[in-house]
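Beneath this line is the structure, given in C-alpha coordinates, with notes to follow.
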Number of protein chains: 2
Amino acid sequence: MEEKKTTTRAAERALDILLCFVGKPELAMREIVEKTELSKSTVFRLLATLETKGFVKRDADTEKYSLGFRIWELANHINRSDDPAILFLPEMERLRDEIDETVSLYVRDGLERVRIQAVESQQAIRRVAPIGARLPLSVGASSKVIVAYTEGDLLGKVLSDPMWPSGIDRDLYIKQLQEIRTQEYAISMEEREAGTSAVSVAIHSRAGNLIAALVLSGPISRMNEEQMIQYVPRLVKAAEEMGKLV
Amino acid sequence: MEEKKTTTRAAERALDILLCFVGKPELAMREIVEKTELSKSTVFRLLATLETKGFVKRDADTEKYSLGFRIWELANHINRSDDPAILFLPEMERLRDEIDETVSLYVRDGLERVRIQAVESQQAIRRVAPIGARLPLSVGASSKVIVAYTEGDLLGKVLSDPMWPSGIDRDLYIKQLQEIRTQEYAISMEEREAGTSAVSVAIHSRAGNLIAALVLSGPISRMNEEQMIQYVPRLVKAAEEMGKLV
DNA sequence: GTTATTTGTTTCACCAGATGAAACGTCGTT
DNA sequence: AACGACGTTTCATCTGGTGAAACAAATAAC
(Lines give C-alpha, C1' and ligand atoms only; values in the text may rest on other atoms or scores of the structure.)
Protein backbone atom coordinates (compact mmCIF):
# COMPACT_ATOMS: atom_id res chain seq x y z
CA MET A 1 0.00 0.00 0.00
CA GLU A 2 1.29 3.39 -0.94
CA GLU A 3 2.61 5.35 1.96
CA LYS A 4 -0.27 7.33 3.38
CA LYS A 5 0.70 10.32 5.41
CA THR A 6 -1.65 11.48 8.11
CA THR A 7 -3.37 14.58 6.84
CA THR A 8 -5.98 16.95 8.16
CA ARG A 9 -9.28 16.67 6.37
CA ALA A 10 -10.49 20.18 7.02
CA ALA A 11 -7.27 21.66 5.72
CA GLU A 12 -7.35 19.38 2.70
CA ARG A 13 -10.80 20.55 1.86
CA ALA A 14 -9.74 24.17 2.00
CA LEU A 15 -6.88 23.46 -0.37
CA ASP A 16 -9.19 21.53 -2.69
CA ILE A 17 -11.36 24.62 -2.90
CA LEU A 18 -8.34 26.61 -4.02
CA LEU A 19 -7.64 24.04 -6.71
CA CYS A 20 -11.14 24.58 -8.11
CA PHE A 21 -9.90 27.87 -9.53
CA VAL A 22 -7.37 26.17 -11.77
CA GLY A 23 -10.20 25.15 -14.05
CA LYS A 24 -12.08 28.43 -13.89
CA PRO A 25 -10.81 31.72 -12.43
CA GLU A 26 -14.17 33.00 -11.17
CA LEU A 27 -16.63 30.77 -9.38
CA ALA A 28 -19.96 31.15 -7.62
CA MET A 29 -20.30 29.33 -4.35
CA ARG A 30 -22.74 26.91 -5.95
CA GLU A 31 -20.09 25.93 -8.49
CA ILE A 32 -17.59 25.19 -5.76
CA VAL A 33 -20.17 23.12 -3.92
CA GLU A 34 -20.66 21.07 -7.07
CA LYS A 35 -16.98 20.67 -7.83
CA THR A 36 -16.01 19.62 -4.33
CA GLU A 37 -19.19 17.72 -3.48
CA LEU A 38 -19.13 19.18 0.01
CA SER A 39 -22.15 20.60 1.78
CA LYS A 40 -23.05 24.24 1.27
CA SER A 41 -22.34 25.22 4.82
CA THR A 42 -18.93 23.55 4.81
CA VAL A 43 -17.97 25.33 1.62
CA PHE A 44 -19.28 28.60 2.97
CA ARG A 45 -17.15 28.31 6.10
CA LEU A 46 -14.05 27.25 4.25
CA LEU A 47 -14.44 30.11 1.79
CA ALA A 48 -14.73 32.49 4.72
CA THR A 49 -11.48 31.07 6.07
CA LEU A 50 -9.74 31.46 2.75
CA GLU A 51 -11.07 35.00 2.35
CA THR A 52 -10.01 36.05 5.85
CA LYS A 53 -6.46 35.04 5.02
CA GLY A 54 -6.50 36.66 1.59
CA PHE A 55 -6.35 33.44 -0.42
CA VAL A 56 -9.66 34.17 -2.15
CA LYS A 57 -11.62 37.31 -2.70
CA ARG A 58 -15.24 37.93 -3.49
CA ASP A 59 -16.23 40.42 -6.12
CA ALA A 60 -18.69 42.97 -4.76
CA ASP A 61 -20.80 43.11 -7.91
CA THR A 62 -20.86 39.58 -9.27
CA GLU A 63 -20.51 38.03 -5.78
CA LYS A 64 -18.30 35.39 -7.32
CA TYR A 65 -15.10 34.20 -5.72
CA SER A 66 -11.66 34.26 -7.26
CA LEU A 67 -8.13 33.77 -6.04
CA GLY A 68 -6.81 36.46 -3.73
CA PHE A 69 -3.58 38.40 -3.51
CA ARG A 70 -1.99 35.93 -1.09
CA ILE A 71 -1.46 33.42 -3.85
CA TRP A 72 0.38 36.02 -5.86
CA GLU A 73 2.36 37.09 -2.81
CA LEU A 74 3.42 33.53 -2.05
CA ALA A 75 4.25 32.88 -5.70
CA ASN A 76 6.81 35.65 -5.48
CA HIS A 77 8.65 33.56 -2.93
CA ILE A 78 9.07 30.50 -5.07
CA ASN A 79 12.29 29.69 -6.82
CA ARG A 80 10.77 28.07 -9.86
CA SER A 81 13.44 28.39 -12.49
CA ASP A 82 14.68 24.86 -12.11
CA ASP A 83 11.86 22.95 -10.48
CA PRO A 84 10.88 20.00 -12.68
CA ALA A 85 7.53 19.82 -10.94
CA ILE A 86 6.81 23.24 -12.41
CA LEU A 87 8.68 23.02 -15.70
CA PHE A 88 7.18 19.68 -16.66
CA LEU A 89 3.60 20.34 -15.63
CA PRO A 90 2.30 21.62 -18.99
CA GLU A 91 3.61 18.57 -20.85
CA MET A 92 2.22 16.24 -18.22
CA GLU A 93 -1.16 17.90 -18.53
CA ARG A 94 -1.04 17.58 -22.29
CA LEU A 95 -0.30 13.86 -21.97
CA ARG A 96 -3.05 13.42 -19.41
CA ASP A 97 -5.52 15.26 -21.64
CA GLU A 98 -4.51 13.08 -24.59
CA ILE A 99 -4.86 9.74 -22.82
CA ASP A 100 -6.97 10.54 -19.76
CA GLU A 101 -4.94 8.44 -17.37
CA THR A 102 -2.97 9.65 -14.38
CA VAL A 103 0.49 11.04 -15.11
CA SER A 104 3.10 11.13 -12.34
CA LEU A 105 6.67 12.26 -11.96
CA TYR A 106 9.09 10.49 -9.62
CA VAL A 107 12.61 11.32 -8.54
CA ARG A 108 15.01 9.31 -6.48
CA ASP A 109 15.81 10.04 -2.89
CA GLY A 110 18.25 7.56 -1.42
CA LEU A 111 16.69 4.13 -1.75
CA GLU A 112 13.22 5.53 -2.36
CA ARG A 113 11.31 7.20 -5.11
CA VAL A 114 9.21 10.27 -4.40
CA ARG A 115 6.26 11.49 -6.43
CA ILE A 116 7.02 15.18 -7.00
CA GLN A 117 4.25 15.98 -9.43
CA ALA A 118 1.03 14.42 -10.65
CA VAL A 119 -1.96 15.19 -12.83
CA GLU A 120 -4.84 12.79 -12.38
CA SER A 121 -7.15 11.28 -14.92
CA GLN A 122 -10.57 12.86 -14.97
CA GLN A 123 -12.40 9.56 -15.20
CA ALA A 124 -14.51 8.46 -12.27
CA ILE A 125 -12.25 5.48 -11.69
CA ARG A 126 -8.70 6.74 -11.68
CA ARG A 127 -5.31 6.31 -10.16
CA VAL A 128 -5.04 8.78 -7.30
CA ALA A 129 -1.62 10.25 -6.93
CA PRO A 130 -0.68 12.07 -3.72
CA ILE A 131 2.36 14.23 -4.12
CA GLY A 132 5.17 13.56 -1.69
CA ALA A 133 4.35 9.86 -1.56
CA ARG A 134 7.44 7.65 -1.14
CA LEU A 135 8.10 4.10 -2.20
CA PRO A 136 11.04 1.75 -2.17
CA LEU A 137 13.05 1.32 -5.36
CA SER A 138 12.48 -2.43 -5.31
CA VAL A 139 8.99 -2.36 -6.78
CA GLY A 140 7.12 -0.55 -9.51
CA ALA A 141 7.83 0.50 -13.06
CA SER A 142 9.32 3.85 -12.21
CA SER A 143 11.61 2.35 -9.58
CA LYS A 144 13.17 0.14 -12.21
CA VAL A 145 13.51 2.99 -14.67
CA ILE A 146 15.27 5.01 -12.02
CA VAL A 147 17.62 2.18 -11.05
CA ALA A 148 18.24 1.19 -14.68
CA TYR A 149 19.43 4.65 -15.62
CA THR A 150 21.25 5.71 -12.49
CA GLU A 151 25.01 5.57 -12.68
CA GLY A 152 27.10 4.15 -9.88
CA ASP A 153 26.23 1.26 -7.63
CA LEU A 154 22.62 2.13 -6.87
CA LEU A 155 21.60 -1.36 -7.97
CA GLY A 156 23.99 -2.91 -5.50
CA LYS A 157 22.62 -0.77 -2.72
CA VAL A 158 19.02 -1.58 -3.60
CA LEU A 159 19.73 -5.32 -3.73
CA SER A 160 21.49 -5.32 -0.40
CA ASP A 161 18.94 -3.09 1.32
CA PRO A 162 17.72 -4.85 4.49
CA MET A 163 14.22 -3.70 3.55
CA TRP A 164 14.24 -5.62 0.30
CA PRO A 165 10.79 -7.31 0.09
CA SER A 166 11.02 -11.00 0.74
CA GLY A 167 8.62 -11.99 -2.08
CA ILE A 168 10.66 -10.39 -4.85
CA ASP A 169 13.34 -12.27 -6.76
CA ARG A 170 16.59 -10.34 -7.08
CA ASP A 171 17.67 -12.19 -10.21
CA LEU A 172 14.39 -11.38 -11.93
CA TYR A 173 14.78 -7.73 -10.90
CA ILE A 174 18.25 -7.61 -12.49
CA LYS A 175 16.95 -9.22 -15.67
CA GLN A 176 14.12 -6.70 -15.85
CA LEU A 177 16.58 -3.83 -15.57
CA GLN A 178 18.49 -5.16 -18.56
CA GLU A 179 15.28 -5.38 -20.57
CA ILE A 180 14.40 -1.83 -19.60
CA ARG A 181 17.74 -0.53 -20.82
CA THR A 182 17.07 -2.27 -24.13
CA GLN A 183 13.42 -1.41 -24.69
CA GLU A 184 13.57 1.91 -22.80
CA TYR A 185 10.37 1.51 -20.88
CA ALA A 186 9.14 -0.42 -17.85
CA ILE A 187 5.76 -1.93 -17.18
CA SER A 188 4.25 -3.10 -13.92
CA MET A 189 0.95 -4.86 -13.48
CA GLU A 190 -0.41 -5.30 -9.99
CA GLU A 191 3.16 -5.52 -8.88
CA ARG A 192 2.73 -3.14 -6.04
CA GLU A 193 -0.95 -2.51 -5.73
CA ALA A 194 -3.89 -4.67 -6.68
CA GLY A 195 -5.86 -3.48 -9.67
CA THR A 196 -3.38 -0.95 -10.94
CA SER A 197 -0.83 -0.97 -13.71
CA ALA A 198 1.80 1.47 -14.83
CA VAL A 199 4.20 2.18 -17.66
CA SER A 200 7.26 4.34 -17.15
CA VAL A 201 10.04 5.98 -19.16
CA ALA A 202 13.07 8.03 -18.19
CA ILE A 203 13.43 11.77 -18.61
CA HIS A 204 17.01 12.77 -19.41
CA SER A 205 18.47 16.25 -19.44
CA ARG A 206 20.22 17.53 -22.54
CA ALA A 207 23.46 16.55 -20.83
CA GLY A 208 22.16 12.99 -20.66
CA ASN A 209 21.55 12.78 -16.92
CA LEU A 210 18.49 11.11 -15.50
CA ILE A 211 16.14 13.77 -14.22
CA ALA A 212 13.03 11.81 -13.29
CA ALA A 213 10.80 8.92 -14.22
CA LEU A 214 7.61 9.72 -16.08
CA VAL A 215 4.75 7.35 -15.28
CA LEU A 216 1.36 6.71 -16.76
CA SER A 217 -0.84 4.67 -14.45
CA GLY A 218 -4.43 3.59 -14.11
CA PRO A 219 -6.77 0.69 -13.45
CA ILE A 220 -5.66 -2.60 -14.95
CA SER A 221 -9.07 -2.92 -16.60
CA ARG A 222 -8.17 -0.06 -18.93
CA MET A 223 -4.44 -0.46 -19.05
CA ASN A 224 -3.52 -3.98 -20.04
CA GLU A 225 -0.05 -4.77 -21.30
CA GLU A 226 -0.93 -4.31 -24.94
CA GLN A 227 -2.50 -0.94 -24.34
CA MET A 228 0.43 0.28 -22.30
CA ILE A 229 2.89 -0.70 -25.00
CA GLN A 230 0.82 1.34 -27.43
CA TYR A 231 1.16 4.34 -25.15
CA VAL A 232 4.95 4.09 -25.01
CA PRO A 233 5.78 6.22 -28.06
CA ARG A 234 3.71 9.05 -26.70
CA LEU A 235 5.34 8.74 -23.32
CA VAL A 236 8.79 8.75 -24.94
CA LYS A 237 7.94 11.83 -26.94
CA ALA A 238 6.67 13.67 -23.89
CA ALA A 239 9.81 12.72 -21.98
CA GLU A 240 11.95 14.11 -24.78
CA GLU A 241 10.02 17.37 -24.74
CA MET A 242 10.53 17.66 -21.01
CA GLY A 243 14.21 16.82 -21.28
CA LYS A 244 14.68 19.78 -23.59
CA LEU A 245 13.62 22.11 -20.79
CA VAL A 246 16.48 21.30 -18.42
CA MET B 1 -17.30 44.46 17.35
CA GLU B 2 -15.78 43.80 13.98
CA GLU B 3 -17.70 41.31 11.93
CA LYS B 4 -16.26 37.91 12.64
CA LYS B 5 -16.96 35.32 10.02
CA THR B 6 -17.11 31.71 11.06
CA THR B 7 -13.89 30.12 9.98
CA THR B 8 -12.35 26.68 10.25
CA ARG B 9 -9.46 26.56 12.64
CA ALA B 10 -7.65 23.65 11.11
CA ALA B 11 -7.78 25.22 7.67
CA GLU B 12 -6.63 28.54 9.07
CA ARG B 13 -3.66 26.91 10.64
CA ALA B 14 -2.66 25.30 7.36
CA LEU B 15 -2.85 28.66 5.62
CA ASP B 16 -0.84 30.29 8.39
CA ILE B 17 1.88 27.75 7.76
CA LEU B 18 1.97 28.82 4.11
CA LEU B 19 2.32 32.41 5.20
CA CYS B 20 5.44 31.53 7.19
CA PHE B 21 7.30 31.26 3.89
CA VAL B 22 6.75 34.92 3.07
CA GLY B 23 9.41 35.80 5.59
CA LYS B 24 11.80 33.03 4.65
CA PRO B 25 11.60 30.79 1.59
CA GLU B 26 13.10 27.67 3.19
CA LEU B 27 12.14 26.53 6.66
CA ALA B 28 12.86 23.58 8.92
CA MET B 29 9.89 22.12 10.72
CA ARG B 30 11.21 23.48 14.00
CA GLU B 31 11.13 27.00 12.59
CA ILE B 32 7.51 26.64 11.54
CA VAL B 33 6.64 25.31 14.99
CA GLU B 34 8.18 28.43 16.50
CA LYS B 35 6.56 30.85 14.08
CA THR B 36 3.09 29.41 14.44
CA GLU B 37 3.34 28.43 18.11
CA LEU B 38 1.51 25.19 17.33
CA SER B 39 2.54 21.82 18.66
CA LYS B 40 5.06 19.74 16.74
CA SER B 41 2.60 17.04 15.84
CA THR B 42 0.02 19.51 14.57
CA VAL B 43 2.58 21.21 12.36
CA PHE B 44 3.83 17.85 11.14
CA ARG B 45 0.33 16.80 10.09
CA LEU B 46 -0.52 20.09 8.46
CA LEU B 47 2.74 20.07 6.53
CA ALA B 48 1.92 16.57 5.33
CA THR B 49 -1.44 17.87 4.14
CA LEU B 50 0.16 20.77 2.32
CA GLU B 51 2.78 18.50 0.78
CA THR B 52 0.22 15.97 -0.40
CA LYS B 53 -1.56 18.70 -2.31
CA GLY B 54 1.64 20.19 -3.71
CA PHE B 55 1.50 23.44 -1.75
CA VAL B 56 4.83 22.76 -0.05
CA LYS B 57 7.71 20.53 -0.91
CA ARG B 58 10.51 19.12 1.16
CA ASP B 59 14.07 19.18 -0.08
CA ALA B 60 15.61 15.71 -0.03
CA ASP B 61 19.01 16.89 1.13
CA THR B 62 18.38 19.74 3.52
CA GLU B 63 15.02 18.27 4.66
CA LYS B 64 13.69 21.80 4.80
CA TYR B 65 10.30 22.78 3.50
CA SER B 66 9.56 25.38 0.86
CA LEU B 67 6.57 26.40 -1.21
CA GLY B 68 5.46 23.89 -3.82
CA PHE B 69 4.44 24.13 -7.46
CA ARG B 70 0.73 24.52 -6.65
CA ILE B 71 1.26 28.07 -5.50
CA TRP B 72 2.88 28.88 -8.80
CA GLU B 73 0.14 27.05 -10.69
CA LEU B 74 -2.58 28.97 -8.88
CA ALA B 75 -0.75 32.26 -9.34
CA ASN B 76 -1.01 31.75 -13.07
CA HIS B 77 -4.75 31.95 -12.70
CA ILE B 78 -4.87 35.33 -11.04
CA ASN B 79 -5.76 38.47 -12.92
CA ARG B 80 -3.49 40.79 -11.00
CA SER B 81 -2.95 43.66 -13.32
CA ASP B 82 -5.47 45.90 -11.64
CA ASP B 83 -5.97 44.54 -8.16
CA PRO B 84 -5.19 47.25 -5.60
CA ALA B 85 -4.68 44.60 -2.95
CA ILE B 86 -1.72 43.39 -5.00
CA LEU B 87 -0.50 46.66 -6.46
CA PHE B 88 -0.49 48.49 -3.14
CA LEU B 89 0.99 45.76 -1.01
CA PRO B 90 4.66 46.78 -1.30
CA GLU B 91 3.93 50.36 -0.26
CA MET B 92 1.77 49.18 2.62
CA GLU B 93 4.56 46.91 3.79
CA ARG B 94 7.04 49.75 3.57
CA LEU B 95 4.76 51.93 5.70
CA ARG B 96 4.24 49.13 8.19
CA ASP B 97 7.97 48.51 8.44
CA GLU B 98 8.57 52.23 8.97
CA ILE B 99 6.01 52.70 11.74
CA ASP B 100 5.32 49.15 12.94
CA GLU B 101 1.59 49.58 13.22
CA THR B 102 -1.08 47.76 11.27
CA VAL B 103 -1.82 49.10 7.80
CA SER B 104 -5.17 48.33 6.16
CA LEU B 105 -6.85 49.09 2.87
CA TYR B 106 -10.63 49.55 2.65
CA VAL B 107 -12.94 49.96 -0.30
CA ARG B 108 -16.62 50.75 -0.38
CA ASP B 109 -19.26 48.21 -1.11
CA GLY B 110 -22.73 49.68 -0.93
CA LEU B 111 -23.18 51.07 2.56
CA GLU B 112 -20.25 49.13 3.95
CA ARG B 113 -16.52 49.25 3.85
CA VAL B 114 -14.53 46.09 3.22
CA ARG B 115 -10.94 45.47 4.25
CA ILE B 116 -9.29 44.18 1.07
CA GLN B 117 -5.70 44.17 2.21
CA ALA B 118 -3.79 44.38 5.46
CA VAL B 119 -0.28 44.08 6.82
CA GLU B 120 -0.11 43.76 10.57
CA SER B 121 2.30 45.29 13.03
CA GLN B 122 4.87 42.87 14.30
CA GLN B 123 4.58 44.01 17.88
CA ALA B 124 3.15 41.61 20.43
CA ILE B 125 0.19 43.89 20.98
CA ARG B 126 -1.22 44.83 17.62
CA ARG B 127 -4.34 45.57 15.67
CA VAL B 128 -5.41 42.36 14.01
CA ALA B 129 -6.88 42.87 10.60
CA PRO B 130 -8.87 40.06 8.95
CA ILE B 131 -9.26 40.56 5.24
CA GLY B 132 -12.80 40.53 3.97
CA ALA B 133 -14.12 42.10 7.18
CA ARG B 134 -17.04 44.44 6.60
CA LEU B 135 -18.22 47.44 8.56
CA PRO B 136 -20.90 50.09 8.16
CA LEU B 137 -19.89 53.45 6.76
CA SER B 138 -21.28 55.23 9.81
CA VAL B 139 -18.30 54.62 12.08
CA GLY B 140 -14.55 54.66 11.85
CA ALA B 141 -11.94 56.88 10.28
CA SER B 142 -11.86 55.12 6.94
CA SER B 143 -15.65 55.18 6.63
CA LYS B 144 -15.60 58.93 6.86
CA VAL B 145 -12.76 59.22 4.38
CA ILE B 146 -14.71 57.09 1.96
CA VAL B 147 -17.91 59.05 2.40
CA ALA B 148 -16.11 62.40 2.33
CA TYR B 149 -14.55 61.69 -1.04
CA THR B 150 -17.30 59.77 -2.78
CA GLU B 151 -19.27 61.72 -5.34
CA GLY B 152 -23.02 61.51 -5.53
CA ASP B 153 -25.44 61.14 -2.68
CA LEU B 154 -23.65 58.48 -0.68
CA LEU B 155 -23.85 60.70 2.41
CA GLY B 156 -27.60 60.95 2.06
CA LYS B 157 -27.88 57.19 1.78
CA VAL B 158 -25.67 56.61 4.80
CA LEU B 159 -27.61 59.09 6.93
CA SER B 160 -30.93 57.58 6.00
CA ASP B 161 -29.79 53.98 6.38
CA PRO B 162 -32.16 52.19 8.81
CA MET B 163 -29.08 50.58 10.36
CA TRP B 164 -27.64 53.91 11.39
CA PRO B 165 -26.38 53.41 14.98
CA SER B 166 -28.61 55.10 17.48
CA GLY B 167 -25.74 56.49 19.59
CA ILE B 168 -24.15 58.47 16.76
CA ASP B 169 -25.07 62.07 16.03
CA ARG B 170 -25.77 62.73 12.36
CA ASP B 171 -24.92 66.41 12.61
CA LEU B 172 -21.56 65.66 14.14
CA TYR B 173 -20.87 63.12 11.39
CA ILE B 174 -21.58 65.73 8.72
CA LYS B 175 -19.33 68.21 10.47
CA GLN B 176 -16.55 65.66 10.66
CA LEU B 177 -16.80 65.02 6.94
CA GLN B 178 -16.31 68.71 6.26
CA GLU B 179 -13.22 68.74 8.48
CA ILE B 180 -11.87 65.70 6.68
CA ARG B 181 -12.23 67.36 3.30
CA THR B 182 -10.29 70.31 4.69
CA GLN B 183 -7.50 68.57 6.60
CA GLU B 184 -7.48 65.50 4.34
CA TYR B 185 -7.31 62.89 7.05
CA ALA B 186 -9.64 61.31 9.56
CA ILE B 187 -8.97 60.12 13.06
CA SER B 188 -10.99 57.81 15.26
CA MET B 189 -10.30 56.94 18.85
CA GLU B 190 -12.24 54.13 20.48
CA GLU B 191 -15.07 55.11 18.23
CA ARG B 192 -15.82 51.64 17.13
CA GLU B 193 -13.76 49.39 19.31
CA ALA B 194 -12.43 49.88 22.78
CA GLY B 195 -8.69 50.40 23.04
CA THR B 196 -8.03 51.03 19.39
CA SER B 197 -7.44 54.13 17.35
CA ALA B 198 -6.98 54.79 13.66
CA VAL B 199 -5.95 57.46 11.20
CA SER B 200 -7.01 57.33 7.58
CA VAL B 201 -6.35 59.10 4.28
CA ALA B 202 -7.77 58.69 0.79
CA ILE B 203 -6.01 57.09 -2.14
CA HIS B 204 -6.94 58.72 -5.43
CA SER B 205 -6.16 57.50 -8.91
CA ARG B 206 -4.34 59.77 -11.34
CA ALA B 207 -7.73 60.62 -12.75
CA GLY B 208 -8.73 61.86 -9.31
CA ASN B 209 -11.17 59.09 -8.38
CA LEU B 210 -11.27 57.63 -4.91
CA ILE B 211 -9.72 54.16 -5.03
CA ALA B 212 -9.57 53.19 -1.39
CA ALA B 213 -8.98 54.41 2.13
CA LEU B 214 -5.57 53.78 3.65
CA VAL B 215 -5.65 53.22 7.39
CA LEU B 216 -3.04 53.03 10.09
CA SER B 217 -4.40 51.54 13.28
CA GLY B 218 -3.18 50.25 16.62
CA PRO B 219 -3.69 50.30 20.36
CA ILE B 220 -4.67 53.69 21.76
CA SER B 221 -1.79 53.44 24.22
CA ARG B 222 0.67 53.89 21.36
CA MET B 223 -1.46 55.91 19.00
CA ASN B 224 -2.82 58.96 20.76
CA GLU B 225 -4.16 61.89 18.74
CA GLU B 226 -0.88 63.73 18.70
CA GLN B 227 1.05 60.73 17.49
CA MET B 228 -1.46 59.98 14.75
CA ILE B 229 -1.28 63.53 13.47
CA GLN B 230 2.47 63.15 13.24
CA TYR B 231 2.00 60.07 11.11
CA VAL B 232 -0.27 61.85 8.63
CA PRO B 233 2.43 63.18 6.27
CA ARG B 234 3.83 59.71 5.86
CA LEU B 235 0.38 58.31 5.25
CA VAL B 236 -0.33 60.99 2.66
CA LYS B 237 2.95 60.31 0.91
CA ALA B 238 2.27 56.59 0.78
CA ALA B 239 -1.23 57.23 -0.57
CA GLU B 240 0.24 59.38 -3.33
CA GLU B 241 2.70 56.67 -4.27
CA MET B 242 -0.13 54.17 -4.48
CA GLY B 243 -2.29 56.50 -6.50
CA LYS B 244 0.41 56.72 -9.13
CA LEU B 245 0.05 52.99 -9.76
CA VAL B 246 -3.54 53.09 -10.99
C1' DG C 1 33.37 5.23 23.42
C1' DT C 2 28.90 7.06 26.20
C1' DT C 3 25.59 10.50 27.19
C1' DA C 4 22.90 14.53 26.15
C1' DT C 5 20.49 17.30 23.00
C1' DT C 6 17.92 18.37 19.03
C1' DT C 7 14.82 17.42 15.48
C1' DG C 8 11.45 14.92 13.46
C1' DT C 9 7.83 10.95 13.68
C1' DT C 10 4.26 8.19 15.92
C1' DT C 11 0.77 7.09 19.37
C1' DC C 12 -3.48 7.70 21.72
C1' DA C 13 -6.98 9.60 25.00
C1' DC C 14 -9.86 13.34 24.91
C1' DC C 15 -13.16 16.81 23.59
C1' DA C 16 -14.35 20.70 20.99
C1' DG C 17 -14.33 21.93 16.49
C1' DA C 18 -16.05 20.43 11.93
C1' DT C 19 -19.95 18.83 9.92
C1' DG C 20 -24.31 18.71 7.28
C1' DA C 21 -29.31 18.86 7.43
C1' DA C 22 -32.55 22.09 7.85
C1' DA C 23 -34.28 26.54 8.61
C1' DC C 24 -33.92 31.09 7.24
C1' DG C 25 -33.13 35.24 4.27
C1' DT C 26 -32.77 37.53 -0.14
C1' DC C 27 -33.43 38.11 -4.82
C1' DG C 28 -35.13 37.12 -9.35
C1' DT C 29 -38.67 34.98 -12.22
C1' DT C 30 -43.25 33.75 -13.37
C1' DA D 1 -48.58 36.47 -4.89
C1' DA D 2 -45.76 31.78 -5.12
C1' DC D 3 -41.69 29.43 -6.33
C1' DG D 4 -36.94 28.43 -7.06
C1' DA D 5 -32.10 29.40 -6.72
C1' DC D 6 -28.49 30.89 -4.08
C1' DG D 7 -26.32 32.19 -0.11
C1' DT D 8 -26.31 32.52 5.25
C1' DT D 9 -27.29 30.87 9.87
C1' DT D 10 -28.47 27.48 13.38
C1' DC D 11 -27.67 23.53 16.12
C1' DA D 12 -27.32 18.57 17.44
C1' DT D 13 -23.99 15.19 16.68
C1' DC D 14 -19.73 12.76 16.67
C1' DT D 15 -15.40 12.04 14.88
C1' DG D 16 -11.54 14.21 13.46
C1' DG D 17 -8.03 17.46 15.24
C1' DT D 18 -5.27 18.06 19.01
C1' DG D 19 -1.14 18.04 21.99
C1' DA D 20 1.43 15.61 25.49
C1' DA D 21 4.33 12.05 25.58
C1' DA D 22 6.80 8.30 23.79
C1' DC D 23 9.77 6.97 20.30
C1' DA D 24 13.43 7.19 16.61
C1' DA D 25 17.33 9.06 14.44
C1' DA D 26 21.00 12.12 13.96
C1' DT D 27 24.26 15.14 15.85
C1' DA D 28 26.90 17.32 19.45
C1' DA D 29 29.28 17.16 23.72
C1' DC D 30 32.10 14.96 26.96
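Here is how names work: the chains are called A, B, and so on, in the same order as the sequence lines, proteins then strands, and each is numbered from 1.
- For B:Thr8 (side chain) and B:Ala11 (main-chain N/O), no donor-acceptor pair under 3.5 Å exists by modelled atom type.
- For the segment residues 18-29 of chain A, no residue has any heavy atom less than 4.0 angstrom from an atom of DNA chain C.
- Taking every heavy atom of both residues into account, A:Glu120 and A:Val128 meet most closely at OE2-CA, 3.5 Å.
- Looking only at atom types and distance, the side chain of B:Glu12 has no donor-acceptor partner in the side chain of A:Thr49 under 3.5 Å away.
- A donor-acceptor contact shorter than 3.5 Å links the side chain of B:Gln123 to the backbone of B:Asp100.
- Across the protein-nucleic acid pair, B:Leu38 atom CG and D:dA20 atom C1' stand 15 Å apart, rounded to whole Å.
- Taking only side-chain atoms of A:Arg58, from C-beta outward, the nucleotide of C:dT19, D:dT8, D:dT18 with the closest atom is D:dT8.
- Annotation: of the two residues near DNA chain D, A:Arg30 and B:Thr42, the 5′-most nearest-nucleotide partner is A:Arg30.
- The distance from atom CG of B:Leu47 to atom P of D:dG17 is 15 Å, rounded to the nearest whole Å.
- B:Thr36 and B:Asp16 share no side-chain donor-acceptor pair at under 3.5 Å.
- Ring to ring, B:Trp72 and B:Phe55 are not that close: their centroids are 6.0 angstrom or more apart.
- In this model, a donor atom of one side chain and an acceptor atom of the other lie less than 3.5 Å apart for B:Arg113 and B:Ser142.
- The separation between B:Phe44 atom CZ and C:dT6 atom P is 20 Å, rounded to whole Å.
- A side-chain donor-acceptor contact under 3.5 Å links A:Ser39 and A:Thr42.
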Tell me, with the steps shown, if A:Ser104 and A:Arg115 meet side-chain hydrogen bond (donor to acceptor under 3.5 Å, both in side chains).
-> CA-CA 7 Å; A:Ser104 302; A:Arg115 189 188 279 116; 3.2 Å; yes

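- Going from atom CD of A:Glu34 over to atom C1' of D:dC6 covers 11 Å, rounded to whole Å.
- Separating the NZ atom of A:Lys40 from the C1' atom of C:dT26 is a distance of 13 Å, rounded to the nearest angstrom.
- Here D:dG16 presents its C1' atom at 10 Å from CZ of A:Arg13, a figure rounded to the nearest Å.
- Comparing D:dT8, C:dT9, C:dA18 by their nearest atom to the side chain of B:Tyr65 picks out C:dT9.
- When rounded to the nearest whole Å, the span between CG of B:Leu46 and P of C:dA18 equals 11 Å.
- Side-chain nitrogen and oxygen atoms of A:Arg134 include none within less than 4.0 Å of the OP1 or OP2 phosphate oxygen of C:dT9.
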5' to 3', nucleotides 11-16 of chain C under a 4.0 Å protein heavy-atom cut-off (B base, S sugar-phosphate only, - none) gives ------

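- Taking atom CD on B:Glu63 and atom C1' on D:dA24, their separation rounds to 13 Å, with Å as the unit.
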